[in-house]
Amino acid sequence: MNYWLAKTEPDEFSIYDFANLPTTALRWDGVRNYQARNYLADMQLADRVLVYHSSCKQIGVAGIVEVTKTAYPDPTQFDPASVYYDPKSTKTTPRWQAVDMRFVEVFNEVLPLKSLKTLPELNDCPLVKPGSRLSVIPLSSRMFDAIIASASRR
DNA sequence: GCCAACGTTGGC
DNA sequence: GCCAACGTTGGC
């Protein structure tokens, strides 16, 4: 099993959307960065993904979801009405990928970025580097475990 | 709202 | 291939 962290703006999409539909797989779409897209494509069934809330009141890790369907062409890239529409993408050579994920757990409290920065296990993680804009980040099991342990201590 | 850091675009 | 200009991200 692999571990990941994926950023989202909770005003748009959040761990609570998953928690409200705990048995339903939801599509993680709208990724429009090549490196993040490549990581999305690397996700395997049942991989664990930490959901990170950015650009909001409570910035940090909010919960866990799991991959239920591996990468497939992100339909929003073909939809002119979507904010994620990409006119340069074609059905034969789609640029962008989506994966489906399902709820696993919501933390009692969001584990704040400030706390993440204190975890020595995350020293080399782009998440805590200023200016990092990578929205899908691979985590080692050590990083993942450190975050879970820190969240459960709160 | 500000602004630094970053990724992408496009002219050359 | 270079790099300036631009638009976006994201913490504060």
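Since this is a predicted model, take the numbers as computed values, not measurements. Computed over heavy atoms, backbone and side chain alike; hydrogens, waters and symmetry mates excluded.
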Electrostatic pair A:Arg95-A:Asp86, nearest N-O below 4.0 angstrom: yes

Aromatic ring proximity A:Tyr72/A:Trp96, centre distance under 6.0 Å: no

So, OP1 or OP2 of C:dC12: does either fall under 4.0 Å of a side-chain N or O from A:Lys117? yes

B:dG1 C1' sits how many Å from A:Lys57 NZ, rounded? 16 Å

Look at all strands and tell whether A:Ser135 reaches a base, only sugar-phosphate, or nothing, counting heavy atoms closer than 4.0 Å. nothing

Consider only side-chain heavy atoms of I, L, V, M, F, W and Y, link residues closer than 4.5 Å, and tell whether A:Val128 and A:Val51 are in one cluster. yes

Please report, rounded to the nearest Å, how far the P atom of C:dT8 is from the CG atom of A:Asp86. 13 Å

Distance in angstrom units between A:Leu116 CG and C:dG11 C1', rounded: 13 Å

Around atom CG of A:Asn123, are there more than 12 heavy atoms from other residues, nucleotides or ligands closer than 6.0 Å? yes

Rounded to whole Å, please give me the gap between CG in A:Asp11 and P in C:dG11. 13 Å

N or O in side chain of A:Tyr52 less than 4.0 angstrom from C:dG11 OP1/OP2: yes

Between C:dT9 and A:Lys7, is there an OP1 or OP2 to side-chain N/O distance shorter than 4.0 Å? no

From C-beta outward on A:Tyr34, which listed nucleotide comes closest to its side chain: B:dT8, C:dG10, B:dT9? B:dT8

Separation of B:dT8 P from A:Leu134 CG (nearest whole Å): 11 Å

Would A:Phe18 and A:Phe13 count as a close aromatic pair, with their ring centres under 6.0 Å? yes

Nucleotide B:dA5, atom C1' - distance to CG of A:Leu127 in whole Å: 15 Å

Distance, rounded to the nearest Å, where A:Tyr84 contributes OH and C:dT8 contributes C1': 13 Å

Over all strands shown, is A:Ser55 touching base, sugar-phosphate only, or nothing at heavy-atom distances under 4.0 angstrom? base

Tell me: CG of A:Asn33 to P of B:dG7, nearest whole Å? 7 Å

